[in-house]
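Below is the structure I would like to discuss, written out as structure tokens.
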There are 4 protein chains.
Amino acid sequence: MPPRITRRSDAARTAILTAAVELVGEVGYGKSSIEAIAARAGVGKQTIYRWWPSKGSVLLDAYLDANVGGEPEDPQGLPNTGDLVADIKAVLRATVDELNDPRFERPLRALTVAVLEDESLAAEYSRRLDEPTRRLKKERLCAAQRQGQLSPEVDLDAVVDTLFAPVAQRWLLRSGPLTYEYTDHLVETVLTGLLWPRS
Amino acid sequence: MPPRITRRSDAARTAILTAAVELVGEVGYGKSSIEAIAARAGVGKQTIYRWWPSKGSVLLDAYLDANVGGEPEDPQGLPNTGDLVADIKAVLRATVDELNDPRFERPLRALTVAVLEDESLAAEYSRRLDEPTRRLKKERLCAAQRQGQLSPEVDLDAVVDTLFAPVAQRWLLRSGPLTYEYTDHLVETVLTGLLWPRS
Amino acid sequence: MPPRITRRSDAARTAILTAAVELVGEVGYGKSSIEAIAARAGVGKQTIYRWWPSKGSVLLDAYLDANVGGEPEDPQGLPNTGDLVADIKAVLRATVDELNDPRFERPLRALTVAVLEDESLAAEYSRRLDEPTRRLKKERLCAAQRQGQLSPEVDLDAVVDTLFAPVAQRWLLRSGPLTYEYTDHLVETVLTGLLWPRS
Amino acid sequence: MPPRITRRSDAARTAILTAAVELVGEVGYGKSSIEAIAARAGVGKQTIYRWWPSKGSVLLDAYLDANVGGEPEDPQGLPNTGDLVADIKAVLRATVDELNDPRFERPLRALTVAVLEDESLAAEYSRRLDEPTRRLKKERLCAAQRQGQLSPEVDLDAVVDTLFAPVAQRWLLRSGPLTYEYTDHLVETVLTGLLWPRS
DNA sequence: TTTTAAACGAGACGGTACGTCGCGTCTTTAT
DNA sequence: ATAAAGACGCGACGTACCGTCTCGTTTAAAA
């Protein structure tokens, strides 16, 4: 490992990410400003601009720092008790809990808004957050296929979308309450098959 | 119908909505400003503030004007050829076409960003755009139930979510290309049932 | 007189000029900022930038407002008691008093610094401050010529420079104390002739 | 002479002074920055701050280096051909030439601005530049007194001010063109006596 | 010759101010 | 009476420099 060339201050980095998450949690994405983040972090604005191209980029780093912790790529996968339906329900219930907790919800919504507005941030988001998560989900589904719980022919990407996108969408657009009932019902509907009479 | 009480200038209204859509289509939501909309519309800023509470509200009106045309609630429902799978595929293909057309995509994305950031706008959006659309979709699915193509027990809301949310999500987050292949595949996966061995 | 086209706020204008003079008097030209002037005046920065191109320009207007009072071009000329030497001495003593009074000295020094650095401001300064003043001085000298106290052939511009520039210079560069002794002595030296034996 | 205590780099010193003069000559005093000087000199900012307290101080050193060359206090005095008027005219003509040459004018103006704004720099300027120069001028005038060309009673300081301040002032404030005509005329006016009828 | 302490280049840091843009309000002018 | 025009107080933008503070790296004096 070559010696670090830059003398970046980790204290400043941490203070900025923390301040960003807090601020965005308090006043929302649109009303947060880089100026306010810097002030709350006790940092010069330039220190933010030096290392991040945009407010959204700060939020992405903050989210990654908070949710992945460190270097090791998220090691633990989705639960596998042998019961696919129960496991997916549990995962979605956990998601519901998070999305109903303002401490998580506000920054995540802010990050999402940023991603919607900024194509290049969307790419980074995809690469660093969406894809790793999707991979874990597919791994769980793949295990279910191997265990004979899921048709081996089904497209796992489509299944993942089908299970998780409705929740994300309902949350994002606030088109309805996010409850265990909703997600449980969704899982049952999706995983039970829909056409009738069954071919 | 009672005579209009306000002397609201329809010319100004139209100019503002047009300018808003154009501007947002050119520079995106975040970089658009009420100031610029007013300038482009040849209108005083106050004329905008008089009638709309926010930029997002202007966009919502603009979208409704453009896509519904006028007062009468969108009368035509989804196509019904008797083949549910084909009809849904056609609807999603049309959606894909729209979302891939920058003239529609940019303002719609802008509107969505506005909705994400503004809870009260989200409510209005839900009422005036999301719910009417959802009603049409459910009507088509309900017809399929009556025709014996779909289990009578299935929750139509869940089916609608399952079919349309993945597309919306993929579009919003740009997590993948929006193609006919994707939507066709999605419809087949969702409507064919997933568990194996079946029940 | 045509009706005013702009709706400029006189309250803001006055507040800005006052704040500028005060601030410059307290911390000096270099350490004054437009930001601080605006803050002290209770005014938005843009209101300064809208009407003045630079800090120095504000100071010039402030100086003119303070020292000329209003529209009528400074009507009173230099004193004329019939005794040229005494009159010039009195004028220079008054100048000394002003330049030794921090309330006048600091803003005037600030203005001068601004003029030195900005060619176009120098032109305006010349036109609006220097030339009117010089005209008054020359009028007094011209009267002396008509009264036979001064050679009719002498170049009045040169005499004005000779009498006033040394004081200005000593003040500007702080190359010595500004006292009545100095100015009295200067007037005597200049107006008495220097060559010896005379012509 | 004790050995140098500090290991100051003469290469750096020279590079800094050169860069300062060049930069100030190109963009003016106000728009020059220590940062830019350091960059142009290929030097760390700290190396400037280590040895000079301010931008103006650098300029003063640069001016002294350029115009005095080295340690020995400017040995050559003003010309003395025996004709005072001609000699002073020649000196002023040389001054005019310098002040009309942008390569000298810009840095000198910058230095002057710095001196106006900084009282302690003014003191140093006085001691190291103004006074030595003034001494030379007075020596020439003193010689004229000894030669019977100038009244023995006249105050030489006043005469120096009277002859040189008008030129400096006209240059500084750009209140008129700097020409040989002006300076020649000035010398004649000053040195010929002004009162009439001559006492 | 080797050591060693300074001065060096580089540049990150917490800040201040820049000059611009846009906010939402308010006032004036001209239909 | 209503609309365009746009000035206003305000706040944030992203940039430029401030002066201070580490960082390794010369480099020249002392050992």
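Chain naming here is simple, since letters A, B, ... match the order of the sequence lines and numbering starts at 1 in each. Side chains are part of it too, since the values below use all heavy atoms of this structure and drop only hydrogens, waters and symmetry mates.
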For D/Ile48 and E/dG11, what is the distance between atoms CD1 and C1' respectively, to the nearest whole Å?
14 Å
What is the separation between atom CD1 on C/Ile16 and atom C1' on F/dC8, rounded to the nearest whole Å?
10 Å
Could you state the atom-to-atom distance from NZ of B/Lys55 to C1' of E/dG24 in whole Å?
14 Å
Counting only distance, no hydrogens or angles, is the base of F/dC10 paired donor-acceptor with the side chain of C/Gln46 under 3.5 Å?
no
Between B/Thr47 and F/dA3, is there a contact of a side-chain N or O with OP1 or OP2 at under 4.0 Å?
no
Approximate separation, where rounding is to 0.5 Å, of D/Lys55 NZ and D/Leu59 CG:
8.0 Å
Closest nucleotide of DNA chain F for D/Pro53 versus for C/Ala41: which of these residues is on the 5' side?
C/Ala41
Consider the side chain of D/Val43, meaning its heavy atoms from C-beta on, and name the nucleotide among E/dG9, F/dC18, F/dG9 that approaches it most closely.
E/dG9
Out of F/dC13, F/dC18, E/dG19, whichever nucleotide has its closest atom nearest the side chain of D/Glu35
F/dC18
Distance test, side-chain N/O of A/Trp51 to OP1/OP2 of E/dC13, below 4.0 Å
yes
Please tell me which of A/Arg13 and C/Tyr49 maps to the more 5' nucleotide of DNA chain E, matching each residue to the nucleotide holding its nearest heavy atom.
A/Arg13
If I take atom CD1 in residue A/Ile34 and atom P in nucleotide F/dG11, what distance separates them, rounded to the nearest angstrom?
18 Å
Contacts of B/Ala36 and A/Asp10 projected onto DNA chain E by closest heavy atom; the upstream (5') one is A/Asp10
By the definition side-chain contact (heavy atoms from CB on, under 4.5 Å), identify the one residue from A/Leu111, A/Leu121, A/Asp118 that meets it with A/Ser57.
A/Leu121
Does this structure show an ion pair linking B/Arg40 with B/Glu26, if we count only N-O contacts that are shorter than 4.0 Å?
yes
Under 4.0 Å between a side-chain N/O of A/Arg50 and OP1 or OP2 of E/dC13, yes or no?
yes
Nearest 0.5 Å, please: how far is CD1 in D/Ile34 from CD in D/Gln46?
10.5 Å
Among the nucleotides E/dG11, F/dC18, F/dA16, whichever has the atom closest to the side chain of A/Arg7 is E/dG11
Taking C/Arg128 first and then C/Asp61, would you say they form a salt bridge - that is, a charged N and a carboxylate O separated by under 4.0 Å?
yes
Taking the side chain of D/Lys45 as heavy atoms from C-beta outward, which of F/dT20, F/dG14, F/dT15 is closest to it?
F/dT20
